[in-house]
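Comments concern the structure below.
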Number of protein chains: 2
Amino acid sequence: MAGTKDKIVSMADRLVRTKGFNAFSYKDISAPLDIKNAAVHYHFPAKADLGIEVVAHEIALFTSNTGKWAHLPEDEQLSRLFDIFRRYNSEGNICLMGSLATDFETLAPDMQAKVQEMGSIILQWLTNCLEQGRKNKRLHFKGDADARALMIISNLQSSLLLSRVMGPSAFHRIADQLLEDICQK
Amino acid sequence: MAGTKDKIVSMADRLVRTKGFNAFSYKDISAPLDIKNAAVHYHFPAKADLGIEVVAHEIALFTSNTGKWAHLPEDEQLSRLFDIFRRYNSEGNICLMGSLATDFETLAPDMQAKVQEMGSIILQWLTNCLEQGRKNKRLHFKGDADARALMIISNLQSSLLLSRVMGPSAFHRIADQLLEDICQK
DNA sequence: AAAGATACTTACTTAGTAGTAAGTAAGCAA
DNA sequence: TTGCTTACTTACTACTAAGTAAGTATCTTT
């Protein structure tokens, strides 16, 4: 039996990705879970506490996933990352970074720090993956690996946003071209 | 004498780019302009009316700019587009599309339509610019011009978001790599 | 000078928001 | 059995949001 606390975090995650952090309220969480507003405050006194938990959960998930892929060739690892975003897209979700970066200036300092931590972790992993992949001749790109990592993350993030406005095919067209650019050459 | 209405739109534009559409209130506009809340409602009865005007203003600006560049070679036109984003970055602003795409699901239908219109106009221009540029051998890229246009817009948009979280150098590293990829080869 | 439009202000309503203080029911621990 | 903890609910405060109705000062037109 998944506890109330987990359900709240899961609900908040979904809401951040669909409506944005500033656009959802505790009522949006409490009503569907059939609990009271104050029950959410019991587990997460301030909204920032809930936001931090959502980000922490995402960091844990990312770390767990990339850990499982560690034995795979780099192009395959990259492909798994793309699959995650592909699923976000089909579910109408945007990525946490994309959503929270927009509202970044309005977030509490400790939540800002957590978002930055998430960014660093993702970028570090991707930079390493690209670097190793180029060494093993499985990936091909010009310039610094960390600049290229920034570009890829930026593209994945934003393609989900554009998909929402221009239709979901936008994501696939960007992702396919991106993979083609870097895997074959 | 710039009228109050223009000042309101300009203020709203800045607020959308810094805080997001859902995170600012009419008070954030009326207080700095030293007018009353209701004065903003006089010009823009509903918040969506103001949002639509902000987007319309951006469309007009974009059309005016690209019109002025029409005589330039395509790589130069592209470079001008990048300059605009470079200025956004140095001012700590994100682009309208990036900001409004995050909040897209929470926007009124007529405002959603206006955002989509803006997206179409920008993409159409960029696709055309890329296509012509490749024909004239001034730009070099693989695949469809409209997929590439999506990628570039997506990268520019999201690099501003990432800059906010990971530091402003993120934008420059992405933009420089992007231009290098497409101009020389 | 009179009538009307323009651009507001004053003063308000309605409907939310995050957050809290105090109480309670159920389970466990000594 | 008494006391403590967990996980809430009830009932609220303080505040902020968008939006409105009615009044006013200042131009503009006739």
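In what follows, every chain begins at residue 1, and chains take the letters A, B, ... in the order their sequences are listed.
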Is A:Phe44 touching bases, backbone alone, or none of the nucleic acid, heavy atoms closer than 4.0 Å? nothing

Parallel under 30°, tilted from 30 to 60°, perpendicular over 60°: which one fits the rings of B:Trp125 and B:Trp69? perpendicular

Between P of C:dA18 and NZ of A:Lys27, the distance in whole Å: 10 Å

Test ring-ring contact (aromatic ring centres under 6.0 Å, His included) applied to B:Tyr42 - qualifying residues, sequence neighbours left out: none

Given side chains that start at C-beta, do those of A:Ile84 and A:Phe62 come closer than 4.5 Å, heavy atoms only? no

Whole-Å distance between C:dA25 P and A:Ile35 CD1? 19 Å

Atom pair distance, as rounded to whole Å: OH in A:Tyr26 and P in C:dT17: 13 Å

Could you check whether any side-chain heavy atom of B:Val40 comes within less than 4.5 Å of a side-chain heavy atom of B:Leu33, counting everything from C-beta outward? no

Looking at C:dC8, I'd like to know if its phosphate oxygens (OP1 or OP2) sit under 4.0 Å from a side-chain N or O belonging to B:His43. yes

What is the separation between atom OH on A:Tyr42 and atom P on C:dA25, rounded to the nearest whole Å? 17 Å

For residues 47-61 of chain A, which residue pairs qualify under salt bridge (charged side-chain N to carboxylate O under 4.0 Å, His left out), counting only residues two or more places apart or in two chains? A:Arg17-A:Glu58

Quick one: how far along DNA chain D does chain A reach, first to last nucleotide 5' to 3', anything under 4.0 Å to a heavy atom? D:dT6 to D:dT10

I want to know whether A:Phe85 and A:Phe82 have ring centres closer than 6.0 Å. no

